[in-house]
Amino acid sequence: MVREWDPRTASSAEIASLLDTLNAVLAVDLPRDPPWQENSLREYLAEVMPGERRISWVAQAEPATNGTPGAILGQVHVLLLGDIGVLEVLVHPSERRSGLGRELVRTAARRVYQEGFQSIGVEVVGDTPAVAFYEAIGFTKEYVETRSVLDLTAVDWTELAEMAAGIGAGYHLEFHPGGPPDELIEAYARAKAEVRDVEDGELRPSSYDPQRLRDSLDCLHRRGMKPYIVLAQHEQTGEVAGLTEVVVPAQHPTRADQYDTIVVQDHRGYGIDRAIKARMLLELRSAEPQLVEVQTWNAQANEAMLKVNAELGYRPDREWCEYSVDVADLVHRLDAGR
């Protein structure tokens with residue numbers, strides 16, 4: 001049974017059941033990823049940025065003979081932002097090839113079509129059954145990144161400290177747990193606005209407007225995701241010359257997520273990119289002692305950042321792809337296949 005579902009009002013048992021399915025999927029598709037925890041999972045699923053909406057559905061097994069609700073075997077949600085609906089689908093490995101995935105996508109696609117959106121995007125992890133699934137129902141690959149993972153237990157911290165100190169004269173680094181202070185928000189946003197870094201994918205938009213940046217930081221905190229910022233400030237002008245962002249999610253607190261790393265064009269060539277990322281790792285060592293790994297995503301064409309990451313110890317893991325499809329075509333294809 002597929003039904004619309006609101007994580008804000010869902011029972012604790014449903015949240016726990018969804019978590020079980022998520023971890024069953026990870027165990028099969030991404031066995032080296034840490035399992036997720038229930039910490040702030042409800043908030044992670046419910047909270048969105050201003051102007052965005054998330055609509056969710058679940059597929060639930062029939063109740064047991066004693067009346068106990070059935071397990072959640074699948075879930076789909078679509079995030080409506082801008083002119084696109086971003087899809088995320090979860091199907092328990094025991095239910096794959098049963099048609100459940102197609103039914104979940106069909107349900108979400110029909111709503112997106114009714115809402116007047118023209119396209120749907122989805123992130124697809126390379127080397128998983130999701131690649132063949134989405135291609136079979138008409139999605140087209142638009143963008144490819146490489147995910148790399150850093151094992152913090154293997155880091156040479158002395159060498160890392162040298163990297164953090166290897167920044168050109170006229171710049172200094174600042175560490176800001178929780179996000180940049182409000183007096184730096186506008187300069188911080190200008191740095192992000194000037195550089196549309198090739199690492200940015202369409203489905204993970206960055207925030208370049210000061211108020212949207214504030215909203216983004218607030219949303220991260222509400223979702224149980226703690227941001228950390230290291231920025232390079234140009235001493236003569238006070239401008240933000242470079243920045244790097246890492247987020248530690250309560251849902252998988254042993255593996256952090258790298259967000260944007262940006263160096264403003266006029267300040268490139270002074271070792272800022274490597275220094276800010278090295279400083280970030282040094283700060284995280286004491287700020288988040290439970291961390292074991294950091295994961296990052298980079299466009300395959302971004303050779304400069306891939307080189308910096310390799311120097312820091314990151315190792316390529318697998319491809320991370322963005323697919324898209326015309327909503328009307330998708331609905332027609334899935335309706336015809338019923």
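All values below were derived from every heavy atom in this structure, side-chain atoms included, with hydrogens, water molecules and symmetry-related copies excluded. Residue numbers count from 1 along this sequence.
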Distance-only check: which donor-acceptor pairs under 3.5 Å involve side-chain atoms of residues 156-163, not counting sequence neighbours?
from: Asp156; atom 1: OD1; to: Thr158; atom 2: N; distance (Å): 3.2
from: Asp156; atom 1: OD1; to: Glu159; atom 2: N; distance (Å): 3.1

Could you give the side-chain donor-acceptor pairs of residues 180-187 under 3.5 Å, partners two or more places apart or in another chain?
from: Asp182; atom 1: OD1; to: Arg214; atom 2: NE; distance (Å): 2.8
from: Asp182; atom 1: OD1; to: Arg214; atom 2: NH2; distance (Å): 3.4

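Residue Phe117 places its CZ atom among more than 12 non-hydrogen atoms of other residues, nucleotides or ligands, all under 6.0 Å distant. Within 6.0 Å of the CD atom in Gln118, the count of heavy atoms belonging to other residues, nucleotides or ligands does not exceed 12. For Gln236, the CD atom is loosely surrounded, since the number of other residues' heavy atoms within 6.0 Å does not exceed 12.
When only modelled atom types and interatomic distance are considered, Gln295 and Asp257 share a side-chain donor-acceptor pair under 3.5 Å. Residues Gln211 and Asp209 have side chains that never bring a donor and an acceptor to within less than 3.5 angstrom of each other. Defined by atom type and a distance below 3.5 Å, a donor-acceptor pair is present between the side-chain atoms of Gln258 and Thr244. A side-chain donor-acceptor contact under 3.5 Å links Glu142 and Ser324.
Checked against side chain to side chain donor-acceptor pair (under 3.5 Å), Arg96 has the following partners two or more places apart in sequence or in another chain: Asp29. Judged as a salt bridge (Lys or Arg N to Asp or Glu O under 4.0 Å), and not counting sequence neighbours, Asp20 has no contacts. Taking the salt bridge (Lys or Arg N to Asp or Glu O under 4.0 Å) definition, one finds that Arg110 meets it with Asp335, sequence neighbours left out. Applying the side chain to side chain donor-acceptor pair (under 3.5 Å) criterion to Arg53, with sequence neighbours excluded, gives Glu115. Remark: Glu4 pairs with Arg111 by the side chain to side chain donor-acceptor pair (under 3.5 Å) rule, at least two apart or across chains. A search for side chain to side chain donor-acceptor pair (under 3.5 Å) contacts involving Lys141 returns nothing, not counting sequence neighbours. A search for salt bridge (Lys or Arg N to Asp or Glu O under 4.0 Å) contacts involving Glu43 returns nothing, not counting sequence neighbours.
Residues Leu330 and Ile137 share a closest heavy-atom pair of CD1-O, 3.5 Å. Leu282 and Ala164 get closest at one heavy-atom pair: CD1-CB, 3.8 Å. The two residues Pro7 and Ile15 make their nearest non-hydrogen contact at O-CD1, 4.3 Å. For Leu73 against Ala61, the heavy-atom pair with the smallest separation is CD1-CB, 3.8 Å. Closest heavy-atom contact between Leu150 and Leu281: CD2-CD1, 3.5 Å. Taking all atoms of both residues into account, the shortest heavy-atom contact from Gly242 to Ile272 is CA-CG2, 4.1 Å.
Note: Tyr323 and Phe139 fail the aromatic proximity criterion, with ring centroids not under 6.0 Å apart. For Tyr44 and Trp36, the distance between ring centers is under 6.0 angstrom.
Side-chain atoms of Ser17 come within 3.5 Å of backbone N or O of Ile72 as a donor-acceptor pair. Listed for the Thr107 side chain is a donor-acceptor partner under 3.5 Å among the backbone atoms of Glu103. In terms of modelled atom types and a separation under 3.5 Å, the side chain of Gln233 and the main chain of Leu173 share no donor-acceptor contact. Side chain of His221 to backbone of Pro227: no donor-acceptor contact under 3.5 angstrom is found.
Between the CG atom in Leu334 and the CG atom in Asp329 there is a gap of 11.0 Å [rounded to 0.5 Å]. One distance of note links CH2 of Trp297 with CD of Glu123; it measures 8.0 Å at 0.5 Å rounding. In this structure, CG on Leu104 lies 12.0 Å from NE2 on His77, to the nearest 0.5 angstrom. Here OG of Ser40 is found 10.0 Å from CD of Glu47. Values are rounded to the nearest 0.5 Å. Taken from CZ in Arg268 to CD1 in Ile262, the straight-line distance is 9.0 Å, to the nearest 0.5 Å. Atoms CG and CD1, on Asp260 and Ile229 in that order, are 9.0 Å from each other to the nearest 0.5 Å.
Listed by first then second residue, pairs satisfying salt bridge (charged side-chain N to carboxylate O under 4.0 Å, His left out) with a partner in residues 290-299 read Arg255-Glu293, not counting sequence neighbours. Each side-chain hydrogen bond (donor to acceptor under 3.5 Å, both in side chains) pair with one or both residues in residues 54-64, not counting sequence neighbours, appears once here: Arg3-Gln60. Residues in residues 163-182 take part in these ring-ring contact (aromatic ring centres under 6.0 Å, His included) pairs, two or more places apart or across chains: Tyr171-His234, Tyr171-His267, Tyr171-Tyr270, Phe175-Tyr228.
With contacts defined as side-chain heavy-atom distances shorter than 4.5 Å, the pair Pro93/Val25 qualifies. Between Leu45 and Leu18, the closest side-chain pair of non-hydrogen atoms falls below 4.5 Å. Contact of the Gln251 side chain with the Glu38 side chain is not registered, since no non-hydrogen atoms from C-beta on lie closer than 4.5 Å. Residues Val144 and Trp320 fail the side-chain proximity criterion, which asks for heavy atoms closer than 4.5 Å. The shortest side-chain heavy-atom distance between Val105 and Val76 does not fall under the 4.5 Å cut-off.
Ion pairing of Glu245 with Lys192 is present here, as a side-chain N (NZ or NE/NH1/NH2) and a carboxylate O approach within less than 4.0 Å. Under the 4.0 Å criterion applied to side-chain N and carboxylate O atoms, Asp127 and Arg318 are not assigned as salt-bridge partners. For Asp273 and Lys277, the salt-bridge test fails: no basic side-chain N is under 4.0 Å from an acidic carboxylate O. By the 4.0 Å N-to-carboxylate-O rule, Lys307 lies too far from Glu303 to be salt-bridged with it.
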Does the pair Val78 and Ile120 meet the rule for a side-chain contact (heavy atoms from CB on, under 4.5 Å), with working shown?
CA-CA 9 Å; Val78 61; Ile120 285 180; 5.5 Å; no
The test is side-chain contact (heavy atoms from CB on, under 4.5 Å); show your working for Thr261 and Ile276 and say whether it passes.
CA-CA 9 Å; Thr261 297; Ile276 56 179; 4.2 Å; yes
